[in-house]
Amino acid sequence: MTELPRAPAAPRAPRSPGPRLLLGLARSAWSARSARRCGARAAAPLALAITLAARAGAAAEPAPSTKERDRLLYNVPLDVAITVATGTVWLGTQLRQDVLTAKQCRWCDRDEDGADTLNGLDRAMRSLRWSNAGYADDASNALGYVIAPLVSLQLAAIPAGLDGRIEEAPINALLMLETTFVSSSLTQIVKFAVGRERPFVHYRSESVRKPSDNNVSFFSAHTNFAFAMAVSNGTIATLRGYRHASWVWAAGLPLAAGIGYLRIAADRHYFTDVLTGAVVGTLSGVAIPLLFHRRAAAPTGRAGLLPASVSASGTGVAATWRW
């Protein structure tokens, strides 16, 4: 007999997990959860202890007082010597200007044919000059060499007094004068070496009363003097950690800027002369106190010992330090 072909076998359905397998998976999951719970319970007391220790250490260390934030460093004999020496140079060159000043301008803002070559910025800013330039000249002299120094001496003392540290005022004044005289001595050297013709001489806008003063336009000594005082006072007050150090900056800088404006209004300086004087005075007022009179910050003693925050999880304890 002829055999008939067999029908293909039907595919077997996948076996469902048996009861024993399901029971084993359930036990494994329960064991993992139990281990995490046990780990968290074991880590929680440790995390709590570390957190309490960190908070106790922070509470035990008081916040630094204003006096402790003082970062000013000085050597009175040395600073007095520098102040006297540079002050003598500045005053001596002022008194002997007729000998030191160039008789003819070296920087004349003219070409060989006598045509005006003044830059456009300085030419445009001459519109700020007053119709009576003598009033502006007198005002800049009074502000620059009388009122501004008196105000600066007061600003060296008032923030110290408000913090109950008035005994620091003489040192503040000494370092302010030291910075100002160093910067002013540099100004004198540059003025005599450059020999730029003053605007009123260049444009013959008024008669020449003092020929030795004709060729010392670059850069503005009044402006440099004022900004060196204002900025050094502010920098010293900031290094001292005075609560009202911002007052020193707010009072000194507008006064210095006003003096610079008056030098343009008096037709004694071009705008670039005044701008350079302000920049040099500002750099001196910041750099000299910071480079020569700044004390390194004292370490707090907490860095690296206790963490700032601690947390516990099922796998352990996490701590964060702030440096």
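Please read all numbers here as calculations on a predicted model, not as lab measurements. These numbers come from the heavy atoms of this one structure, side chains and all, not from hydrogens, waters or symmetry mates.
- Summarising the geometry, atom CD belonging to Q154 is positioned 10.5 Å from atom CG belonging to N233; distances are rounded to the nearest 0.5 Å.
- The one candidate from T86, N224, T282 that meets the side-chain hydrogen bond (donor to acceptor under 3.5 Å, both in side chains) condition with S183 is N224.
- No salt bridge links D163 with R240; every basic N to acidic carboxylate O contact stays at or beyond 4.0 Å.
- Residues forming a side-chain hydrogen bond (donor to acceptor under 3.5 Å, both in side chains) with D213 (at least two apart in sequence, or on another chain): Q97, R198.
- At least one side-chain heavy atom of L239 sits under 4.5 Å from a side-chain heavy atom of R294.
- Inter-residue side-chain proximity for Y242 and R165 is flagged as met; some heavy-atom pair is nearer than 4.5 Å.
- In this structure the side chain of M176 reaches within 4.5 angstrom of the side chain of L153, judged on heavy atoms.
- Pairs engaging residues 72-162 under the disulfide (SG to SG under 2.5 Å) rule: C105-C108 [sequence neighbours left out].
- When only modelled atom types and interatomic distance are considered, D109 and Y203 share no side-chain donor-acceptor pair under 3.5 Å.
- When the side chain to side chain contact (heavy atoms under 4.5 Å, CB included) test is applied to T83, the partners found at least two apart in sequence or on another chain are L174, L177, E178, F181.
- Using a distance-only test at 3.5 Å, with no hydrogens or angles considered, a donor-acceptor pair links the side chain of D122 to the main chain of T272.
- In this structure the side chain of T276 never reaches within 4.5 angstrom of the side chain of S220, judged on heavy atoms.
- Listed by chain and number, the residues in a side chain to side chain contact (heavy atoms under 4.5 Å, CB included) with P199 are R126, S217, D267, Y270 (sequence neighbours excluded).
- Y261 pairs by the side-chain hydrogen bond (donor to acceptor under 3.5 Å, both in side chains) definition with W130, not counting sequence neighbours.
- Residues passing the side-chain hydrogen bond (donor to acceptor under 3.5 Å, both in side chains) test with S232: none are found, sequence neighbours excluded.
- The other residues sharing a hydrophobic cluster with F218 are W107, L186, V190, V194, F219, V280, where clustering joins ILVMFWY side chains under 4.5 Å apart.
- In the hydrophobic clustering, F292 connects to L78, I82, V182, I288, L291, either directly or through intervening members, whenever side-chain heavy atoms lie under 4.5 Å apart.
- Side-chain heavy-atom separations under 4.5 angstrom define the hydrophobic clusters, and the remaining members of the one that includes V146 are L150.
- Hydrophobic cluster of W247: the remaining members, joined at side-chain heavy-atom separations below 4.5 Å, are I158, L162, listed by chain and number.
- Listed by chain and number, the residues in a side chain to side chain contact (heavy atoms under 4.5 Å, CB included) with A157 are I166, A169 (sequence neighbours excluded).
- For R263 and D273, the salt-bridge test fails: no basic side-chain N is under 4.0 Å from an acidic carboxylate O.
- Contact of the Y145 side chain with the I259 side chain is not registered, since no non-hydrogen atoms from C-beta on lie closer than 4.5 Å.
- Inter-residue side-chain proximity for L72 and R295 is flagged as unmet; no heavy-atom pair is nearer than 4.5 Å.
- By the side-chain hydrogen bond (donor to acceptor under 3.5 Å, both in side chains) test, H202 pairs with D116, E197, sequence neighbours left out.
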Verdict with reasoning, W90 to T187, per side-chain hydrogen bond (donor to acceptor under 3.5 Å, both in side chains)
CA-CA 9 Å; W90 171 74; T187 304; over 6 Å; no
